[in-house]
Amino acid sequence: MKPVTRFAPSPTGYMHIGNLRSALYAFLLSKHEGGTFILRIEDTDRERFVEGATDVIKETLKITGLTYDEGPDVGGEHGPYIQSERLPIYREYAKKLIDLGHAYYCFCSKERLESLHGEDGVGGYDRHCRNLTQEEIDAELAKGTPYVIRQKMPEEGVTSYVDAVYGEISTENKELQDQILMKADGYPTYNFCHVIDDHLMGVTHVVRGCEYLTSTPKYALLYDAYGWERPTYIHLPLMMGRGADGTVSKLSKRHGAVSFAALLADGYLSEAIINYIALLGWCPKGTENEFFTLEEMIRVFTVDGINKSSAVFDYEKLLWFNGEYIRRMTPMAFKEAALPFLGEHSLPEDKLDMVLSLVQPRIEKLSQIREKIGFFLTLPDYDATALFPNKKNKVTLENAKDLLLAARDTLSEAPEFKSDALFAALGAKAEELAVKAGAILWCVRIAASGQAVTPGGATEILEVLGKDESLLRIDEALKKLS
RNA sequence: GGCCCGUUGGUCAAGAGGUUAAGACACCGCCCUUUCACGGCAGUAACAGGAGUUCGAUUCUCCUACGGGUCACCA
């Protein structure tokens, strides 16, 4: 039987990369064996519902290439795929569970429930309504008392299941709370509806974060109560973030950009993000390669490569991955990706292409483009006495002016303002003056850019600037040096 | 606090009783070079601690410590 997996996010308005990784693994697991990947929207919390949030989810899956076979917009034989549209189903199954003796009505007020909790907020339900008589239940129902439906946990014994990653997980049944299955507002809780849906949708492998590791026995019990076959559970190690104080905890906003959209906006590439998070908690067998397309991941993905211990999200390494991906882009692809990050500029098309080719190997995320190319647009105010001297090229404040004057002569006579030609001409000039080519090139580059570190060498910068602007900038430098 | 899970260099990680304990990021050095970056080469750095089991434990068991997760009418 081919595996059926699902990604079942809540529409919270943004896609956390931890969630995205869960989606990725679920996708890879099913696709590795040609199975089915389902998208299901878990929107049963009406208070947290965010307008348009479902679109964010769909958009993210589209960009990343995690195409789902069944879901809200693509349909499928197990729909609807939005939980708020499945309410009658949950009611039916809740009723059935009561009849089966594994659930019961609870009429306790929220006030009463709160009084049960200690000052630390920890404390469970005292099962007050667990043993109401049918008469008492009917009376409350007739009165219209608001109620919830709770799962009736076994009072003794042990419930265990085998997780594909963590192995056997056992819990004493006395540790299990009679958790709420149906809320007073008629909506189901996650604890209930995800089980119903997973079963009804034929999900064979439940892939999710390991924050569910300890509550899964309760879900397993639900499967058992209905007489359904339990799915294979695959809990994933958590993605952690390191705070400024050095402590680690579940990756959250205080650790930096954690939503897929925020990462994109910061100039990270979708492919790089996917590649990086794939390797956070999973390691392909039999290869040291770290670069994978989605197709390659599908081919090599196996559950036994999934790690048990949580992993700290390392922005440094993501940045490195991103830089690698940027360097591997075709000039055309890079241009397309870079355009939204360029901002206002006056570069003509041909010059823009050259600038981009200079910048592409030197940035690690697209948002770094602007600062890199700023000097092309306007010459920064710079301190000549600090920038010109350079020991390696034997440039001093004293000879810089002469070198620049010589360069100016050469450049003003240059028939063609192209990098290669200028490089040759300046080289010849250096030879004539018996100085290192580097000396003259250094001076020119500083004058042309006004900064010590630039994308591209001196003559490439000159070509982009053009003859007039280049000479202007050299004159400016000469003024500063005198 | 109860319960559950985890622990290999700063980070991600390979490893499956006998290895010089891989590799990647970061860092450091050198080379290349028209600055920087890229690229190439080299280097620093790890099995949390203690008991067992075993001829032999990073690897198996137990304990401790530390870290994390979970105990909602959130998912």
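Basis for what follows: all heavy atoms, side chains included, without hydrogens, waters or symmetry-related copies. Throughout, a chain's letter reflects where its sequence line sits, starting with A, and its residues are numbered from 1.
A donor and an acceptor atom sit less than 3.5 Å apart, one in the side chain of Lys317(A) and one in the base of rA24(B).
To the nearest whole angstrom, the two P atoms, one in rG6(B) and one in rA13(B), are 15 Å apart. Across the C1' atoms, rG39(B) and rU58(B) are found 36 Å apart, a figure rounded to whole Å. Taking atom P on both rC60(B) and rA46(B), the two are 22 Å apart, rounded to the nearest angstrom. Taking the P atoms as reference points, rG52(B) lies 35 Å from rG69(B), given to the whole Å. The P atoms of rU35(B) and rG23(B) are separated by 31 Å, rounded to the nearest whole Å. Nucleotides rC66(B) and rU53(B) are separated by 26 Å at their C1' atoms, to the nearest Å. Separation of the P atoms belonging to rC30(B) and rG67(B) is 40 Å when rounded to the nearest angstrom. The P atoms of rA14(B) and rG9(B) are separated by 13 Å, rounded to the nearest whole Å.
Taking the nucleotide of RNA chain B with the nearest heavy atom to each of Lys308(A) and Trp320(A), the more 5' of the two is matched to Lys308(A). If Ala184(A) and Ser170(A) are placed on RNA chain B by their nearest nucleotide, the residue sitting closer to the 5' end is Ser170(A).
Using a 4.0 Å cut-off between a side-chain N of Lys or Arg and a carboxylate O of Asp or Glu, Lys418(A) and Glu416(A) do not qualify as a salt bridge. Salt bridge present: Lys480(A) and Asp381(A) bring a charged side-chain N and a carboxylate O closer than 4.0 Å. Taking the charged nitrogens against the carboxylate oxygens, Lys365(A) and Asp266(A) do have a contact shorter than 4.0 Å, which makes a salt bridge.
Under the Watson-Crick and G-U wobble criteria, each requiring two contacts below 3.5 Å, nucleotide rU7(B) is paired to rA65(B). As the counterpart of rC60(B), rG52(B) is assigned, both hydrogen-bonding distances of the Watson-Crick or G-U wobble pattern falling under 3.5 Å. Under the Watson-Crick or G-U wobble criterion, with both distances below 3.5 Å, rU19(B) is left unpaired in every strand shown. Base pairing of rA46(B): no nucleotide in any strand meets the Watson-Crick or G-U wobble criterion (both distances under 3.5 Å). Remark: rG2(B) base-pairs with rU70(B). Criterion, Watson-Crick or G-U wobble with two distances under 3.5 Å. Pair assignment for rC41(B) gives rG29(B), based on Watson-Crick or G-U wobble hydrogen-bonding distances that are each under 3.5 Å.
The OH atom of Tyr233(A) sits 17 Å away from the P atom of rC5(B) (whole-angstrom rounding). Atom pair Ile446(A):CD1 and rU34(B):C1' shows a separation of 11 Å (rounding to whole Å applied). Regarding Gln177(A), its CD atom lies at a distance of 6 Å from the P atom of rA72(B), rounded to whole Å. Atoms CG (Leu181(A)) and C1' (rA75(B)) sit 14 Å apart, rounded to a whole Å. If you measure from atom CG of Asp178(A) to atom P of rC73(B), you get 12 Å, rounded to the nearest angstrom. Residue Glu42(A) contributes atom CD, which lies 14 Å from atom P of rC74(B) at whole-angstrom precision. Straight-line distance from the CH2 atom of Trp282(A) to the C1' atom of rA13(B): 13 Å, rounded to whole Å. Distance CD1 (Ile169(A)) to P (rC3(B)): 15 Å, rounded to an integer number of Å.
Within the 3.5 Å criterion, the main-chain N or O of Gly457(A) finds a donor-acceptor partner in the side chain of Glu460(A).
Among the nucleotides rC12(B), rC4(B), rA75(B), the one closest to the side chain of Tyr212(A) is rA75(B). You'll find that the side chain of Leu238(A) is closest to rG68(B), out of rG68(B), rA24(B), rU34(B). The nucleotide whose nearest atom lies closest to any side-chain atom of Tyr166(A) is, among rU11(B), rC5(B), rC74(B), rC5(B). Among the nucleotides rU11(B), rC4(B), rA26(B), the one closest to the side chain of Asp314(A) is rU11(B). Among the nucleotides rG68(B), rC4(B), rU35(B), the one closest to any side-chain atom of Met240(A) is rG68(B). Here the side chain of Ala311(A) is nearest to one of rC12(B), rC4(B), rU34(B), namely rC12(B). Of all nucleotides listed (rA22(B), rA13(B), rC73(B)), rA13(B) comes nearest to the side chain of Cys283(A). When the nucleotides rC25(B), rA13(B), rU35(B) are ranked by their closest atom to the side chain of Asn307(A), rA13(B) comes out on top. Of the candidate nucleotides rU35(B), rU34(B), rU70(B), rU34(B) has the atom lying nearest to any side-chain atom of Phe423(A). In the set rA24(B), rU35(B), rA75(B), rA75(B) carries the atom at the smallest distance from any side-chain atom of Tyr219(A).
Within the 4.0 angstrom heavy-atom criterion, base atoms lie near Thr459(A). Using a 4.0 Å heavy-atom cutoff across all strands shown, Cys106(A) reaches no nucleic acid atom at all. Among the atoms of the strands shown, base atoms are found under 4.0 Å from some heavy atom of Lys110(A). Residue Val148(A) is classed as a base contact, given a heavy-atom separation below 4.0 Å to a base.
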Working for salt bridge (Lys or Arg N to Asp or Glu O under 4.0 Å), residues Glu469(A) and Arg473(A): CA-CA 6 Å; Glu469(A) 178 66 16; Arg473(A) 290 189 178 193; 2.7 Å; yes
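In this structure, Lys372(A) does not reach the rA37(B) phosphate: none of its side-chain N or O atoms is under 4.0 Å from OP1 or OP2.
At least one test fails for Lys317(A) against the ring of Tyr276(A): distance under 6.0 Å to the centre or angle within 45° of the axis.
Between Phe321(A) and Phe291(A), the ring centre distance stays below 6.0 Å.
A donor and an acceptor atom, one from each side chain of Tyr104(A) and Asp178(A), are located under 3.5 Å apart.
The residue from Thr216(A), Asn173(A), Thr171(A) that alone fulfils the side chain to side chain donor-acceptor pair (under 3.5 Å) condition with Thr159(A) is Asn173(A).
By the 5.5 angstrom centroid cut-off and the 30-degree plane limit, Tyr190(A) is classified as not stacked against the base of rC74(B).
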